[in-house]
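Okay, structure first, notes after.
When reading the values below, keep in mind they use all heavy atoms of this one structure, side chains included, and skip hydrogens, waters and symmetry mates. Here the structure is a predicted model, which means the values were calculated and not measured.
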Number of protein chains: 2
Amino acid sequence: MNIYDVSKKAGVSIATVSRVLNGNHNVSEKTRSKVISAMKELDYTPNIFARGLGLNTMKTIGIMCTDSSDTYLANAVYYVEQKLRSFGYDALLCCTGNDYINKKKYMSLLLSKRVDGIILIGSQFVNNSPGSDNSYIIDASSEIPIILVNGYLAGDNIYCVMCNDHDAVYNAASDMIKAGHRDFVYLYTSTSFSGMNKLRGFKDAMDEAGIHIDKDRFHLCTKSISKSNDYLSFIYEKNVPFDAILTSDDSLAVGAVKFAYKHGIKVPDELEIVGYNNSVLANCTEPELSSIDSKVEQLSSNAVDLLMEVLGGGSVSNINTVTADLIKRQTTKF
Amino acid sequence: MNIYDVSKKAGVSIATVSRVLNGNHNVSEKTRSKVISAMKELDYTPNIFARGLGLNTMKTIGIMCTDSSDTYLANAVYYVEQKLRSFGYDALLCCTGNDYINKKKYMSLLLSKRVDGIILIGSQFVNNSPGSDNSYIIDASSEIPIILVNGYLAGDNIYCVMCNDHDAVYNAASDMIKAGHRDFVYLYTSTSFSGMNKLRGFKDAMDEAGIHIDKDRFHLCTKSISKSNDYLSFIYEKNVPFDAILTSDDSLAVGAVKFAYKHGIKVPDELEIVGYNNSVLANCTEPELSSIDSKVEQLSSNAVDLLMEVLGGGSVSNINTVTADLIKRQTTKF
DNA sequence: TTGTACGCGTTATCAG
DNA sequence: CTGATAACGCGTACAA
């Protein structure tokens with residue numbers, strides 16, 4: 001079942017069938033309808049592989065994400081896929097895990113599949129420490145546009161969609177300071193660009209208020225409820241006083257709520273807690289978590305818009321920023 | 001950059017290059033290495049579209065899922081993608097939403113992309129009420145194998161991987177009865193095959209113990225923490241007594257925990273709660289949720305194994321069942 | 001073991 | 001407005 005069968009049935013050439021197929025205007029209404037009914041009768045579907053070969057594109061975008069089962073990333077994948085689809089693009093999903101080797105491998109896999117662009121979801125793909133090797137991304141960008149959702153890497157054909165993480169944490173911390181807090185703890189999960197921005201936001205707010213933060217008070221922590229709980233218990237028993245906790249991820253904030261419960265500390269009266277990402281987890285605890293909404297939907301949507309603009313030949317700014325919101329629930333009272 | 005360039009550089013024919021490319025053994029070591037170094041020098045990558053055209057496959061599987069941001073479904077998508085990749089297949093992701101029209105549309109979209117098979121993740125694709133129209137699945141199965149993860153539909157080229165939901169709920173309920181409970185509430189989110197099996201498991205356990213369940217005591221509920229909370233408050237204020245809650249989803253069980261907290265009911269002493277899916281949510285509440293682990297990883301893995309077997313021409317049973325486990329945490333004491 | 005030649009189903013370029 | 005024909009790049013009978 002191909003274009004020849006249709007052309008035969010309709011009594012026209014394959015060129016005409018192709019024209020009808022692609023909505024070309026240089027076809028008389030009469031011929032067009034002849035062709036269309038022939039296609040219907042034969043239940044014809046164009047062969048997308050042949051088209052791909054000719055046009056050298058299958059209108060497919062590669063999505064890389066370290067772990068699509070992570071709540072935040074899963075949401076981003078969801079929104080990106082939906083948006084891509086709305087532009088008629090397919091999404092080829094690659095869950096890479098956090099291994100450098102695998103990220104590299106999947107990148108070249110996607111290139112070999114000749115996708116039209118690649119969207120890297122999450123901050124785990126770029127290593128922003130000085131002297132780090134991000135060449136697998138740079139190299140790929142010489143062939144097709146690369147979009148980073150919530151990550152930053154400079155490059156000609158690399159586009160970054162980010163949340164103003166620094167300001168979000170800075171503002172939340174400043175509000176807490178205004179509300180009278182001095183004894184802070186900051187827990188974070190990642191030293192990615194985004195992770196470091198959040199941390200700097202925290203530190204800047206502290207600096208500005210002249211609050212000294214010793215190293216017990218900011219802690220790099222596995223993204224896990226229990227690890228967060230454990231660490232807080234650890235410094236609590238060391239008699240480090242604190243009445244305000246900020247985190248880079250809701251799971252850590254949930255751990256903080258559980259820590260407070262375990263030790264009979266009243267939230268928010270004796271301890272205020274702010275999470276990050278405004279995920280489902282925020283609604284699960286008692287009291288419910290105040291959390292910074294990092295606008296994953298808008299981030300994802302902008303990422304696809306940007307990519308489409310680039311693919312359409314438009315010239316686009318390499319950096320696009322989205323503003324986070326603090327969603328106040330019951331773990332804060334400021 | 002194509003196979004001709006390589007053949008020229010290596011001084012062989014394109015057939016030989018192709019043979020090397022595909023690991024064909026009828027090539028002398030000498031020629032092979034000549035070809036390989038030519039490929040390296042030219043940095044040659046085979047054109048996958050051309051290969052797809054000839055072989056009429058791109059080794060791609062369509063994944064349909066109503067909402068990949070749902071915790072359970074996101075996990076399934078993750079595991080399926082990983083497993084597919086391990087067999088050298090790509091995953092084309094389609095988030096359909098719950099609209100029948102869209103499901104149908106995406107199904108034919110995937111068919112038009114000539115994927116080698118389609119995996120439907122989640123129980124929302126089949127309508128198992130009598131006389132329902134599932135023809136979009138049946139029709140698709142006449143072209144390529146369809147795998148249902150956690151769904152059931154009879155058909156020649158349709159394969160179902162399911163959890164023994166009935167027994168899982170039945171066993172949990174029976175255990176609770178043995179522990180002395182008589183006043184049950186069952187909350188569920190879906191009337192899908194899986195959803196009805198769970199409900200029947202609940203009812204069967206009740207029947208067997210001679211416990212009468214009036215219609216207040218099982219309730220179809222939106223998958224939402226607050227809706228569950230609301231409904232329980234509603235019957236509580238109506239003075240329906242209950243000391244045991246089973247749910248078809250962890251989010252509803254979280255709602256139950258919050259309901260108990262709000263009304264000062266002690267969990268598990270005055271009220272035992274069992275969730276379903278053993279998701280991250282189960283670790284968020286205080287006390288932590290006992291939950292039925294529906295083995296999403298094994299389900300996903302089996303789904304891909306099955307599909308690979310079918311694509312390899314093997315003959316496979318149309319139904320594959322996985323056994324759920326109750327994970328006991330702090331909302332139960334039996 | 002190697003090479004020639006054709007088929008896969010489109011799209012695009014001409015010529016009419 | 002329409003048709004013939006050449007790409008597109010690979011796999012593979014078949015021939016040597």
Are Leu120(A) and Ile147(A) side-chain neighbours, meaning at least one heavy-atom pair lies under 4.5 Å? no
Residues at least two apart in sequence or cross-chain that pass side chain to side chain donor-acceptor pair (under 3.5 Å) with Lys223(B), listed by chain then number, are Asp70(B)
Can you list the residues that meet the side chain to side chain donor-acceptor pair (under 3.5 Å) rule with Asn134(B), with sequence neighbours excluded? none
With sequence neighbours left out, which residue pairs that include part of residues 96-147 of chain B fulfil the ring pair (Phe, Tyr, Trp, His ring centres under 6.0 Å) condition? Tyr100(B)-Tyr136(B)
Contacts of Thr57(A) meeting side chain to side chain donor-acceptor pair (under 3.5 Å) (sequence neighbours excluded), chain-then-number -> Asp116(A)
Mind jotting down which residue pairs meet the salt bridge (charged side-chain N to carboxylate O under 4.0 Å, His left out) criterion with at least one end in residues 79-95 of chain B? Sequence neighbours excluded, please. Lys113(A)-Asp90(B), Glu81(B)-Arg85(B), Lys83(B)-Asp305(B), Arg85(B)-Asp90(B)
At the 4.0 Å heavy-atom cut-off to chain A, mark where contacts on DNA chain C begin and end, going 5' to 3'. dG9(C) to dA12(C)
Which residues, if any, of residues 24-34 of chain B bring a heavy atom under 4.0 Å of DNA chain D? none
Residue pairs, two or more places apart or on separate chains, that pass salt bridge (charged side-chain N to carboxylate O under 4.0 Å, His left out) and touch residues 117-146 of chain B: none
Counting primed atoms plus P, OP1 and OP2 as sugar-phosphate and everything else as base, spell out the protein contacts along nucleotides 9-16 of chain D at 4.0 Å heavy-atom distance: B, S or - for each nucleotide, 5' to 3'. BBBB----
What is the bend of the helix from dT1(C)-dA16(D) to dG16(C)-dC1(D) when you compare the axis at one end with the axis at the other, using five pairs each and rounding to 10°? 40°
Does Ser294(B) have any side chain to side chain donor-acceptor pair (under 3.5 Å) partners at least two apart in sequence or in another chain, and if so, which? Asn277(B)
Do Ser194(B) and Ser192(B) meet the criterion of a side-chain donor-acceptor pair at a distance under 3.5 Å? no
Measuring only between side-chain heavy atoms, which start at C-beta, is Asp5(B) closer than 4.5 Å to Lys9(B)? no
Residue pairs passing the ring pair (Phe, Tyr, Trp, His ring centres under 6.0 Å) test where at least one lies in residues 10-55 of chain B, sequence neighbours excluded: none
For Asp156(B), look at atom CG and say whether over 12 heavy atoms of other residues, nucleotides or ligands are found less than 6.0 Å away. no
